[in-house]
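For reference, the structure is listed below as structure tokens.
Note: hydrogens, waters and symmetry copies are ignored here, and every other heavy atom, side chains too, is used. Lettering follows sequence order; numbering is per chain, from 1.
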Amino acid sequence: MTLQRLWTRGAIYLVLIAFAAYYMIPFYIMIITGLKPYEDVNVTRMWELPNGLYLEGIINAWQRVSPNFLNSIWITVPAALISSFIGSINGYIFAKWRFRGADTLFIIFLVGMFLPYQGILIPLVLTLQKIGLYGSMGGLIMVHCIFGIPITALLFRSYYAGIPNELLDAAKIDGCGFFGTFRWILLPLSLPAFAVVLLWQFTTIWNDFLIGLVVLSSPRLAPINVAVQNITGSFSVEWNVQMSAALIAAAPTIIVYLLLGKLFMRGLLAGSLKG
Amino acid sequence: LANRAVSQGEAGLAGSSIAAQKRKPWWRSDMLLAILVLSPSIIAVAVFIYGFIGWTFYISTVKWNSQVPDYTFVGLTNWIRLFSDNRFHIDLRNLVYYAIGFMSQCIIFGFIIAALLDQKIKGEALFRTIIIFPFAVSGIVTGVAWRWLLQPTTGINLLFANIGLENFQPLWNSHPKYGMWAVSIAAAWQMTGYIMALYLAGLRGIPNELREAAAIDGAGTFAIYRYIIIPLLMPVTFTAIVLTGMNSIRVFDLVSAMSGSGPAFATDTLAFFMFQSTFGAYRYSLGAAIGSFMIILSAFLVIPYLFSMRGEIER
């Protein structure tokens with residue numbers, strides 16, 4: 001290895017480490033601030049580590065947001081499961097039952113994935129009020145399932161497109177119809193796709209703020225991110241409690257990301273229509 | 001659309017023999033079943049996305065600016081009021097600041113990090129995990145953390161002071177005119193990893209022979225990037241522009257958590273204006289006009305994008 005090459009490699013690692021440090025800074029600040037007692041949170045010692053392990057911030061924050069944390073679980077888990085199941089059926093149809101106009105219809109679905117919700121919110125509220133689902137968890141679950149139709153169909157469609165048609169033809173000769181082929185051929189092969197889609201939907205729905213705020217704003221039923229915004233929006237709440245609340249809101253998606261990072265990456269690529 | 005497809009009754013399982021299909025008439029075929037099973041989703045998308053967009057446009061042309069619904073047609077009155085509203089002008093200015101700051105940070109840093117990670121780096125997976133990490137947390141969490149980091153009296157400014165920059169103490173998102181640039185820093189922190197992942201996948205798709213051939217021809221690393229790799233990655237850059245552009249138009253949660261409208265609306269956005277007009281001030285028609293305007297802006301990005309992706313989507 002020449003000296004110049006050694007120098008270049010060193011510089012590359014240095015830049016990467018600097019970037020990595022930058023992306024970790026807000027997490028560092030959230031964790032150290034969340035673990036400090038209120039007296040130690042002040043503007044001059046912000047970057048210093050806590051001088052011990054203080055859980056009062058976390059406990060205080062948990063007392064405030066734990067009901068909303070549970071709400072978010074009751075909303076996110078069913079919504080992610082139902083929308084993944086809908087997505088697998090739709091993806092199967094779009095990939096393997098290519099009726100005339102199917103591709104155009106699919107693109108029309110995808111446009112819906114990209115448009116801003118602000119152009120939909122008012123009729124959404126009016127409709128939910130009319131059918132009696134406004135302000136209920138069931139209503140919010142339904143809305144997340146509907147808005148998840150495009151992305152879940154996209155993810156499953158690209159996965160099923162990779163399954164050879166010969167397999168389906170063979171099933172057909174053996175007498176499998178529309179549902180039989182899905183149940184006995186595709187579904188058993190779908191585990192990796194379900195993992196990606198479930199992870200993607202879980203993260204998206206858990207991290208949602210706008211729809212939860214509009215559809216389920218009552219403080220008792222609100223999802224976690226709405227609750228965190230409510231307590232951090234008031235300046236009377238101590239910083240260590242605010243940071244702890246943010247950490248609690250972030251914990252499930254962070255854990256899921258750390259355990260299943262590879263799948264997350266696949267979702268990222270597919271979500272932009274690439275890969 | 002679906003009906004026409006059924007009446008044609010010609011397409012079977014993709015690539016399967018048509019003979020099997022011909023035995024049954026179309027109304028008993030599995031193809032009809034497939035379309036029937038898909039139809040609830042078609043209806044949901046048609047109503048909840050396209051129908052609601054149309055409905056929003058309709059509300060923007062009526063006189064409903066109080067708590068009581070009023071469907072008196074007033075034409076473009078709400079739109080004219082919106083276009084002459086000073087807050088709207090500030091929001092457009094903020095959109096430009098934010099979009100430039102956010103998009104350039106995401107694309108430049110995303111590309112640089114991806115290019116560096118593509119150099120057979122030890123611990124690549126760890127670097128990748130760390131840099132995508134922020135994308136796993138919500139806009140609210142991001143906003144809470146960055147609001148603390150960008151407090152003018154502490155946070156980043158404290159670090160500046162400690163390295164002797166006592167006179168360089170920006171107001172960040174509290175700045176009455178340029179606050180939006182500071183918001184774009186927090187937003188880019190969250191999304192750069194996503195753009196980096198796209199570029200990394202793009203770089204992995206470029207065959208090594210191309211670089212080797214250029215290197216044999218005497219091209220330096222810089223020239224290889226300038227004349228071969230960056231042009232080949234144009235489709236990825238286009239994707240990155242569309243994704244970050246869409247995000248710029250609709251940014252809401254991050255702003256809510258960081259500073260709200262800010263001093264003199266310095267960190268106000270269209271989404272925030274829409275939310276406050278509609279659900280705070282009950283000016284539904286004005287809110288609908290803002291929402292419709294956001295749909296139109298987004299359509300300029302989404303429709304060319306999906307057209308360019310047609311080949312990829314249809315295979």
Side-chain angles (χ1 to χ4, degrees), chain A residues 12 15-16 19-20 23-24 26 29-30 43 46 86 89-90 93 96-101 103 105 107 109-112 114-116 118-120 122-124 146 149 165 168-169 172 177-178 203 207 209-210 225 228-229 232 239 242 246 249-250 253-254 257 261 265 268-269 272-275, chain B residues 1 5 8 11 13-16 30-31 33-35 37-38 41 44-45 48-49 52-53 55-56 59 113 116 119 127 129-131 134 136-138 140-141 144-145 149 153-154 158 194 197-198 201 239 243 246 249-250 252-253 256-257 271 274 284 288 291-292 294-295 298 302 306 309 314:
Chain A
I12 290 176
V15 175
L16 282 174
F19 269 117
Y23 288 101
M24 282 293 107
I29 283 295
M30 275 195 277
V43 292
M46 172 173 172
I86 297 173
I89 295 253
N90 289 347
I93 296 169
K96 297 299 181 196
W97 296 85
R98 303 171 61 99
F99 53 88
R100 184 172 280 224
D103 284 335
L105 184 67
I107 290 178
F109 269 41
L110 290 185
V111 173
F114 286 105
L115 292 177
Q118 280 76 15
I120 292 172
I122 299 171
L124 180 68
I146 292 174
I149 288 174
N165 287 326
L168 277 77
D169 287 343
K172 201 166 189 193
F178 173 82
T203 315
N207 285 342
F209 172 64
L210 178 62
N225 275 291
V228 170
Q229 165 65 7
T232 59
W239 276 105
Q242 300 200 8
T253 47
I254 288 179
Y257 170 65
M265 183 99 166
L268 284 185
L269 298 180
S272 70
L273 311 184
K274 297 237 152 246
Chain B
L1 196 65
Q8 302 284 344
L13 271 176
S16 70
D30 281 341
M31 181 59 72
L33 198 56
I35 292 166
V37 172
L38 187 62
S41 296
V45 169
F48 275 76
I49 295 177
F52 282 5
I53 289 173
W55 194 350
T56 303
I59 294 175
I113 298 169
L116 293 177
Q119 309 299 318
F127 281 118
T129 305
I130 290 176
I131 287 157
V137 304
S138 70
I140 294 294
V141 172
V144 171
L149 279 168
T153 51
T154 178
L158 186 62
Y194 188 173
L198 295 180
T239 304
L243 292 177
M246 298 297 305
I249 294 169
R250 65 173 154 215
F252 177 73
D253 39 7
S256 307
M274 186 273 166
Y284 285 88
S292 308
M294 292 172 71
I295 293 278
S298 310
V302 176
L306 287 174
M309 287 288 164
E314 293 180 354

* Structure fact -> Closest non-hydrogen contact found for A:L115 with B:R250 is O-NH1, 3.7 Å
* Structure fact -> For B:V141 and A:A249, the nearest pair of non-hydrogen atoms, with its separation, is CG2-CB, 4.0 Å
* Shortest non-hydrogen contact between A:F99 and B:M31, atoms and distance -> CB-SD, 3.7 Å
* Which bit of B:M294 is near chain A, if near means a heavy-atom gap under 4.5 Å: side chain, backbone, both or neither? -> both
* To do: Between chain B and each of A:V228, A:I86, A:I254, count heavy-atom pairs under 4.5 Å; write down the option with the most.
  => A:I254
* Any idea which of A:I120, A:L210, A:I12 has the most non-hydrogen atom pairs under 4.5 angstrom with chain B? -> A:I120
* **Minimum heavy-atom distance between B:V144 and A:A246, given as atom pair plus value** => CG1-CB, 4.1 Å
* **Nearest non-hydrogen partners of A:N207 and B:V137, listed with the distance** => ND2-C, 3.6 Å
* **Interatomic distance, A:L105 atom CG to B:L38 atom CG [nearest 0.5 angstrom]** => 6.0 Å
* Asked: Atom CG in B:D30, atom NZ in A:K96: separation rounded to 0.5 Å?
  -> 15.5 Å
* Asked: Between B:A201 and chain A, which part of the residue has a heavy atom less than 4.5 Å away: side chain, backbone, both or neither?
  -> side chain
* Given a strict heavy-atom distance threshold of 4.5 Å, which part of A:M46 is in contact with chain B: side chain, backbone, both, or neither? -> both
* Portion of B:F48 that has a non-hydrogen atom of chain A nearer than 4.5 angstrom -> both
* Proximity breakdown for B:I59 and chain A, heavy-atom pairs closer than 4.5 Å -> side chain
* Look at A:T203, A:I149, A:L16, A:N90 and state which one has the largest set of heavy-atom pairs under 4.5 Å with chain B. => A:L16
* Give the minimum heavy-atom separation between B:A257 and A:Q229, together with the two atoms involved. => CA-OE1, 3.3 Å
* Contacting region of B:Y284 [heavy-atom separation from chain A under 4.5 Å] -> both
* Asked: Measuring from B:W55:CH2 to A:I122:CD1, what's the distance to the nearest 0.5 Å?
  -> 10.5 Å
* B:T129 backbone acceptor or donor facing A:Y257 side chain under 3.5 Å -> yes
* Structure fact -> Assert top hit (heavy-atom pairs under 4.5 Å, partner chain A, pool B:P134, B:A44, B:A271, B:A34) equals B:A34
* Any chance you could measure B:I113, atom CD1, to A:Y23, atom OH, to the nearest 0.5 Å? => 4.0 Å
* To do: Select one option (side chain, backbone, both, neither) describing which atoms of B:V302 are under 4.5 Å from chain A's heavy atoms.
  => side chain
* To do: Just give me the residue among B:F52, B:F127, B:F252 that pairs up with chain A most often, heavy atom to heavy atom, under 4.5 Å.
  => B:F52
* CD1-OG distance between A:I93 and B:S41, expressed to the nearest 0.5 angstrom -> 7.5 Å
* To do: Please assess A:F209 against B:S138 for the test side chain to side chain contact (heavy atoms under 4.5 Å, CB included), listing each intermediate value before the final yes or no.
  => CA-CA 8 Å; A:F209 172 64; B:S138 70; over 6 Å; no
* Sort A:L124 into side chain, backbone, both or neither according to what part of it lies under 4.5 angstrom from a heavy atom of chain B. => both
* Asked: Can you check whether B:I140's main-chain N or O pairs, donor with acceptor, with A:N225's side chain at less than 3.5 Å?
  -> no
* Structure fact -> One should read off an interatomic distance between B:I53 CD1 and A:Q118 CD, to the nearest 0.5 angstrom, of 11.5 Å
* Would you check if B:S298 and A:F114 make a side-chain contact, meaning some heavy-atom pair closer than 4.5 Å? => no
